[in-house]
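Presented below is the structure to which this report refers.
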Amino acid sequence: ASPLRQRVELLVYIFFWYAASVVCTNTTKQLGLHWSMLTLSQLSISSLCGFLLIRVARFVPYTPIQSRDQLKTTALLAAVFAAGFIT
């Protein structure tokens with residue numbers, strides 16, 4: 001993929017992440033829900049957007065994890081991301 005396409009894809013992902021965050025934050029405040037529901041909502045909506053873009057719209061090709069090293073790296077990133085909710 002060209003560098004321009006990669007930048008556009010990144011901007012699209014950032015836009016969807018931000019849009020999901022705004023929707024979840026406003027909805028949570030209006031409903032008076034606990035902060036944990038906000039986090040769950042954000043993760044759910046972002047997962048849905050990612051699924052729709054990758055698997056349904058085929059915006060970027062889906063590539064499964066193909067090696068143990070990729071799995072280790074993905075697991076480490078997931079652990080660091082999850083730790084961010086604790087700190």
Side-chain angles (χ1 to χ4, degrees):
S2 71
L4 177 61
R5 178 182 166 98
Q6 291 175 343
R7 287 180 188 226
V8 170
E9 288 175 8
L10 178 61
L11 290 173
V12 168
Y13 293 142
I14 291 170
F15 170 78
F16 278 118
W17 168 79
Y18 183 76
S21 177
V22 168
V23 168
C24 288
T25 299
N26 289 335
T27 303
T28 301
K29 286 179 181 178
Q30 288 179 347
L31 296 176
L33 299 174
H34 191 265
W35 62 266
S36 61
M37 291 305 297
L38 170 64
T39 301
L40 177 62
S41 299
Q42 286 177 321
L43 292 175
S44 299
I45 291 174
S46 64
S47 296
L48 177 62
C49 289
F51 172 79
L52 291 174
L53 281 172
I54 294 169
R55 299 293 270 190
V56 176
R58 298 177 190 261
F59 190 71
V60 292
Y62 171 74
T63 306
I65 293 175
Q66 299 176 357
S67 71
R68 191 165 188 79
D69 287 334
Q70 286 180 338
L71 181 60
K72 284 181 185 178
T73 302
T74 302
L76 176 61
L77 289 171
V80 170
F81 179 77
F85 291 107
I86 299 169
T87 58

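The figures that follow rest on heavy atoms only: side chains count, while hydrogens, waters and symmetry mates do not.
Separation of atoms CG (Leu48) and CG (Leu53) is listed at 9.5 Å; rounding is to 0.5 Å. Put simply, CG on Leu76 and CG on Leu71 are 11.0 Å apart, with the number rounded to the nearest 0.5 Å. Taking CG of Leu4 as the reference point, atom CD of Glu9 lies at 10.0 Å (rounded to 0.5 Å).
With hydrophobic clusters built from ILVMFWY side chains whose heavy atoms lie under 4.5 angstrom apart, Val23 does not share a cluster with Leu31. Note on Val12: it clusters hydrophobically with Val60, by side-chain heavy-atom contacts below 4.5 Å among ILVMFWY residues. Ile54 and Leu52 sit in two unconnected hydrophobic clusters of ILVMFWY residues. Membership requires side-chain heavy atoms under 4.5 Å apart, directly or through other members. When hydrophobic clusters are built by joining Ile, Leu, Val, Met, Phe, Trp and Tyr residues whose side-chain heavy atoms come closer than 4.5 Å, directly or via intermediates, Phe16 is not grouped with Tyr18. The same ILVMFWY cluster, assembled from side-chain heavy atoms under 4.5 Å apart, contains both Tyr13 and Val8.
Shortest non-hydrogen contact noted between Ile65 and Ser67 is CG2-O, 3.5 Å. For the residue pair Gln70 and Gln66, the shortest heavy atom distance occurs at OE1-N, 2.6 Å.
At most 12 heavy atoms of other shown residues, nucleotides or ligands fall within 6.0 angstrom of atom CZ in Phe15. Surrounding CZ of Arg5 are more than 12 heavy atoms belonging to other residues, nucleotides or ligands, all under 6.0 Å away.
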